[in-house]
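Written below as structure tokens is the structure these notes are about.
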Amino acid sequence: MNGIDNIEYDTLLEKFKKVLRDNGLKYTKQREILLKTLYNNSDHFTPEQLYLYIKEGHPDLNLGIATVYRTLNLLEESGMVTSISFGAQGKKFELATKPHHDHMICRMCGNIIEFEDPTIEKRQSIIAKDHGFKLTGHMMQLYGICQSCNKKKI
């Protein structure tokens, strides 16, 4: 729905380079590795988790946490990544190239469960149509307690 679903990495990289140029920023190895890491992982990363993950895989890479934050914010502003807010605890990011899905987010452990339900998708389209609203995209985030945390509470 955002125009970059399921694109190949090379196409994504070219779009990223254009976004950097348009914002007066340099294309660097650090930024490329950040993009590639997001592309090759289905995880939802906080900036700190992403920084540590990249440093683990590329210990010699001169990467600062500020670069990770700046790059993620730029990618989000350009629609190339999406984020889920955890309030004061920050955001978790994922690349926006995945097929459309929604999220269930555990308020206790922060676990994120992705799901897709054709019935919900169809119902949303009907609601939008009933209101004369042209739906161009959506993000559904359901908050609650995951199965694992529910078991621990008993």
Side-chain angles (χ1 to χ4, degrees), residues 1-118 120-121 124 135-153:
M1 286 192 177
N2 59 17
I4 63 168
D5 287 349
N6 297 321
I7 63 175
E8 296 293 326
Y9 178 72
D10 290 344
T11 304
L12 184 68
L13 183 59
E14 287 309 310
K15 180 177 171 67
F16 181 48
K17 288 177 179 177
K18 182 179 183 323
V19 167
L20 290 170
R21 277 193 310 271
D22 292 348
N23 285 278
L25 298 171
K26 291 180 182 173
Y27 169 72
T28 63
K29 182 84 175 162
Q30 290 85 348
R31 288 184 170 126
E32 181 182 350
I33 289 173
L34 187 152
L35 183 69
K36 189 173 273 188
T37 300
L38 289 173
Y39 186 82
N40 290 325
N41 286 281
S42 60
D43 296 335
H44 301 81
F45 290 99
T46 65
E48 293 81 8
Q49 290 168 334
L50 183 57
Y51 170 78
L52 293 173
Y53 187 87
I54 292 172
K55 289 300 281 183
E56 186 178 314
H58 305 273
D60 297 332
L61 186 69
N62 183 17
L63 175 70
I65 187 74
T67 298
V68 174
Y69 272 98
R70 278 193 305 268
T71 305
L72 284 172
N73 288 333
L74 180 66
L75 288 169
E76 186 173 28
E77 288 171 15
S78 67
M80 296 175 70
V81 301
T82 59
S83 68
I84 298 171
S85 176
F86 287 83
Q89 298 171 355
K91 294 178 175 180
K92 286 189 174 182
F93 295 85
E94 69 176 336
L95 206 56
T97 56
K98 294 180 182 179
H100 174 73
H101 60 277
D102 296 307
H103 297 101
M104 288 186 281
I105 302 149
C106 179
R107 289 206 179 269
M108 294 189 68
C109 69
N111 184 32
I112 299 171
I113 301 165
E114 296 179 352
F115 72 97
E116 199 275 331
D117 185 309
I120 292 173
E121 299 300 317
Q124 289 171 337
L135 195 60
T136 59
H138 77 271
M139 286 179 39
M140 181 186 295
Q141 298 177 354
L142 305 175
Y143 294 90
I145 311 292
C146 72
Q147 189 174 30
S148 177
C149 289
N150 252 330
K151 286 180 182 173
K152 292 176 190 169
K153 286 176 66 178

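Please read all numbers here as calculations on a predicted model, not as lab measurements.
The two atoms that bring Leu20 and Tyr27 nearest to each other are CD1-CA, 3.7 Å, heavy atoms only. Contact detail for Met108 and Cys149: the closest heavy-atom pair is CB-SG, 3.8 Å. Looking at every heavy atom in both residues, Cys106 comes nearest to Cys146 through SG-N, 3.3 Å. Scanning both residues, Val68 and Leu34, for their nearest heavy atoms gives CA-CD1, 3.8 Å.
Counting non-hydrogen atoms of other residues, nucleotides and ligands closer than 6.0 Å to CD of Glu56 gives a total of 12 or fewer. With a 6.0 Å radius and a threshold of 12 heavy atoms from other residues, nucleotides or ligands, Asn62 has its CG atom at or below the threshold. Annotation for Lys55: atom NZ counts as buried by contact number, over 12 foreign heavy atoms lying within 6.0 Å.
A donor atom on one side chain and an acceptor atom on the other are found under 3.5 Å apart for Tyr143 and Gln141. Side-chain contact, Tyr53 with Asp43: no donor N or O sits under 3.5 Å from an acceptor N or O. For Glu116 and His100, the side-chain atoms include no donor-acceptor pair closer than 3.5 Å.
For Glu14 (side chain) and Thr11 (main-chain N/O), no donor-acceptor pair under 3.5 Å exists by modelled atom type. Side-chain atoms of Thr37 come within 3.5 Å of backbone atoms of Ile33 as a donor-acceptor pair (strictly under, hydrogens ignored). Side-chain atoms of Arg31 come within 3.5 Å of backbone N or O of Lys26 as a donor-acceptor pair.
Atoms CD1 and CZ, on Ile105 and Arg107 in that order, are 8.0 Å from each other to the nearest 0.5 Å.
A distance below 6.0 Å separates the ring centres of Tyr9 and Tyr39.
Looking at His44, Glu94, Glu76, Lys92 one by one, the single match for side chain to side chain donor-acceptor pair (under 3.5 Å) with Ser83 turns out to be Glu76.
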